[in-house]
Amino acid sequence: QVQLVESGGGLVQAGGSLRLSCAASGRTFSSNAMGWFRQAPGKEREFIVAISWNSVNTYYADSVKGRFTISRDNAKNTLYLQMNSLKPEDTAVYYCAAETDYRYNYYPPTITSAYDYWGQGTQVTVSS
């Protein structure tokens with residue numbers, strides 16, 4: 001059974017930092033692109049950042065560029081999201097995702113429909 005399990009969410013004050021992790025099990029995603037998305041109450045799930053299998057290519061949403069950093073450790077089958085300078089508008093449930101289409105390996109997609117596996121999400125709440 002393939003699973004993506006996020007951790008590291010919580011409550012933080014504005015300006016603070018959190019580091020999210022996404023541990024994969026059941027299969028390896030070391031050759032696949034992965035990404036982070038988030039969903040705030042009453043809003044659609046939105047793209048945050050994606051990373052190619054070899055970490056060479058990363059794409060960030062403008063809203064998090066310069067504040068968030070994605071990374072991965074293929075040996076550990078784990079994806080990370082370092083979030084700095086957090087703002088109240090960053091409050092959302094954060095999801096990691098992995099795709100299995102080899103065509104995306106080097107150029108990770110930025111749309112939800114392109115991803116095949118999803119974690120259950122972790123809540124991030126930023127207080128003002």
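Using a 4.5 Å heavy-atom cutoff, the side chains of Y94 and Q39 are not in contact. Inter-residue side-chain proximity for W36 and F47 is flagged as unmet; no heavy-atom pair is nearer than 4.5 Å.
Hydrophobic clustering, with ILVMFWY side chains joined whenever heavy atoms are under 4.5 angstrom apart, keeps W118 apart from L79. Put simply, I48 and M34 are part of the same group of oily side chains (I, L, V, M, F, W, Y) that touch within less than 4.5 Å, one to the next. V124 and Y95 fall into different hydrophobic clusters, where Ile, Leu, Val, Met, Phe, Trp and Tyr are joined by side-chain heavy atoms under 4.5 Å apart, directly or via other members. No path of Ile, Leu, Val, Met, Phe, Trp and Tyr side chains, each step under 4.5 Å between heavy atoms, connects Y59 with V49, placing them in separate hydrophobic clusters.
The two residues P108 and S52 have their closest heavy-atom pair at CG-N, 3.7 Å. Shown here for L4 and C96, the closest heavy-atom pair between the two residues is CB-SG, 3.7 Å. When every heavy atom of E6 is checked against every heavy atom of G119, the shortest pair comes out as OE2-CA, 3.2 Å. Nearest heavy atom pair, residue A40 against residue A92, reads N-CB, 3.8 Å. A pairwise comparison of heavy atoms in E99 and N105 identifies OE2-OD1, 3.4 Å as the closest pair. Between T69 and Y60, the shortest heavy-atom contact is CA-OH, 3.3 Å.
Put simply, CD1 on I70 and OG on S55 are 8.5 Å apart, with the number rounded to the nearest 0.5 Å. Atoms OG and CD, from S128 and Q13 in turn, are 9.5 Å apart once rounded to the nearest 0.5 Å. How far CZ of R38 is from CD of E44: 14.0 Å, rounded to the nearest 0.5 Å.
A donor-acceptor pair is defined here as one N or O able to donate and one able to accept, closer than 3.5 Å; such a pair exists between the side chain of N77 and the backbone of R27. With hydrogens and angles ignored, the 3.5 Å screen pairs a side-chain donor or acceptor of R67 with a backbone N or O of S85. No donor-acceptor pair under 3.5 Å is formed between the side chain of N32 and the backbone N or O of A98. Judged by distance alone, with hydrogens and angles left aside, the side-chain atoms of T91 form no donor-acceptor pair with the main-chain N or O of E89 at under 3.5 Å.
Taking the ring centroids of Y117 and F29, they lie under the 6.0 Å cut-off.
In this view, D116 and T100 satisfy the side-chain hydrogen bond (donor to acceptor under 3.5 Å, both in side chains) rule, not counting sequence neighbours.
Ring geometry for Y115 against F37 counts as perpendicular: the plane angle is over 60°, on a 0 to 90° scale with 30° as the lower cut.
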Report all side-chain donor-acceptor pairs from residues 15-25 shorter than 3.5 Å, counting only partners two or more places apart or in another chain.
| from | atom 1 | to | atom 2 | distance (Å) |
| --- | --- | --- | --- | --- |
| S17 | OG | N84 | OD1 | 2.9 |

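With 3.5 Å as the limit, one finds a donor-acceptor pair spanning the side chains of T125 and Q123.
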From CA spacing to verdict: side-chain contact (heavy atoms from CB on, under 4.5 Å), Y107, N57: CA-CA 7 Å; Y107 304 101; N57 292 320; 3.8 Å; yes

D62/K65 under salt bridge (Lys or Arg N to Asp or Glu O under 4.0 Å): CA gap, chis, key distance, verdict: CA-CA 5 Å; D62 288 343; K65 200 172 295 183; 3.2 Å; yes

Residue pair Y106, V56: steps toward the side-chain contact (heavy atoms from CB on, under 4.5 Å) verdict: CA-CA 8 Å; Y106 287 90; V56 170; over 6 Å; no

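Listed by first then second residue, pairs satisfying disulfide (SG to SG under 2.5 Å) with a partner in residues 53-87 number zero, not counting sequence neighbours.
A cation-pi contact, defined as under 6.0 Å to the ring centre and within 45° of the axis, is absent between R72 and Y80.
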